[in-house]
Amino acid sequence: MTKPNVLSGMQPSAGSLHLGNYLGALINWVEMQDDYNAFYCVVDLHAITVAQDPAELRRNTRVTAAQYLAAGIDENKSALFVQSHVPAHAQLAWVLMTMTGFGEAGRMTQFKDKTQKGGTDVASVGLFTYPVLMAADILLYQANKVPVGEDQRQHLELTRDLATRFNSRFGETFAIPEGVIFKETAKIFDLQNPTAKMSKSGDPKGLVNIMDDSSVILKKIKSAVTDTDAEIRFDRETKPGVSNLLGIHSAISGQSIESLEDHFAGKGYGDLKSEVAEVVLSRIEPIRDRANELLTDEAELDRLLAQGAQKANELAEKTLGMVYDRIGFIPSGR
Ligand code: TRP
């Protein structure tokens with residue numbers, strides 16, 4: 001029996017992934033490699049929907065890929081690749097754009113949020129069509145499952161609508177993808193502002209980066225916001241800071257929240273923070289060190305990515321060929 005396909009991607013928009021990217025997403029990708037035909041990409045085409053410095057983009061693309069590998073994405077099991085290395089993403093996106101309503105795209109809440117401050121004059125058309133490019137990423141690989149965060153749910157709905165629309169107009173072409181929305185416990189919050197999701201645009205002191213030095217990570221966890229009642233108990237409503245620390249511990253150690261509450265009964269916040277720091281560092285340090293090692297040999301890293309792109313291109317070209325044919329483009333004769 002052939003395995004179902006999975007596709008996911010992350011933007012190379014920072015010099016490091018953070019703990020939320022790792023515990024919320026990457027861990028699941030690693031787990032899915034065995035049961036799925038997996039495609040994981042660094043979405044550099046998406047990254048340029050906001051201005052990027054070229055040297056930084058180049059560096060961040062490699063750093064992101066190195067972290068995928070260091071965290072356990074196995075280039076022999078999965079196709080690990082860079083989006084711009086597979087031309088079909090931009091090509092299919094164009095076709096899908098012609099099938100997306102202007103108003104339909106305008107209803108995407110992420111676009112509305114992102115343009116709320118600057119207004120639509122500073123936002124590019126690329127930012128507007130971002131979700132259509134994401135649909136192309138997914139549909140090219142006939143992905144059955146797409147692991148994403150809650151904030152991508154609407155984009156996934158659009159993808160399903162576009163696939164259904166294309167199929168009913170031109171005949172069965174695309175698999176209809178299903179989202180794998182991550183569990184609530186996999187959600188990691190800002191250490192300084194524990195009701196907001198951990199994010200690179202949040203408080204830098206509340207952000208644990210995979211590539212940070214251990215001393216920096218230790219300091220950030222030790223300064224995490226808690227509360228004044230000194231009781232170690234999971235309650236997101238009234239104790240968001242303490243709950244976040246327990247959630248981080250649980251996501252890495254695999255111990256249930258209840259067993260952690262028992263374990264910390266009668267102990268203080270200092271103990272909780274020390275132990276969380278220990279658990280986090282023991283997991284993050286080897287990943288960071290391995291990623292740095294991979295980055296010392298750029299030629300080898302680029303070779304791995306080229307190999308991933310080759311695998312990805314095979315299926316992407318096949319899907320795009322089918323699409324071009326169904327919509328009535330004549331063969332190119334290549
Ligand atoms: N938009 C996604 C995010 O910001 C990234 C992304 C791009 C993606 N293409 C994708 C995620 C395809 C899943 C599948 O998180």
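Note that the structure is a prediction, hence the values are computed from the model and not measured.
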CG-CZ distance between Leu295 and Arg59, expressed to the nearest 0.5 angstrom:
6.0 Å
Salt bridge check: are [X] and [Y] linked by an N-O gap of less than 4.0 Å?
X      : Y      : answer
Glu104 : Arg165 : yes
Lys145 : Glu178 : yes
Glu293 : Arg290 : yes
Asp213 : Arg288 : no

Tell me, please, which residues at least two apart from Asn193 pass side chain to side chain contact (heavy atoms under 4.5 Å, CB included).
Asp190, Thr195, Ala196
Quick one, Phe166 with Phe174, criterion ring pair (Phe, Tyr, Trp, His ring centres under 6.0 Å). Give me CA distance, side-chain angles, the key distance, then yes/no.
CA-CA 8 Å; Phe166 191 99; Phe174 297 123; 5.1 Å; yes
Any donor-acceptor N/O pair, Gln83 side chain to Leu45 backbone, under 3.5 Å
yes
Would you call the rings of Trp29 and Tyr40 parallel, tilted or perpendicular, where under 30° means parallel and over 60° means perpendicular?
parallel
Parallel, tilted or perpendicular, judged at 30° and 60°: which one describes the rings of Phe128 and Phe102?
tilted
Identified side-chain contact (heavy atoms from CB on, under 4.5 Å) counterpart of Thr100 within the set Thr129, Asp161, Val132:
Val132
Working for ring pair (Phe, Tyr, Trp, His ring centres under 6.0 Å), residues His89 and Tyr141
CA-CA 10 Å; His89 289 251; Tyr141 301 96; 5.6 Å; yes
Between Lys239 and Thr226, do the side chains contain an N or O donor and an N or O acceptor separated by less than 3.5 Å?
no
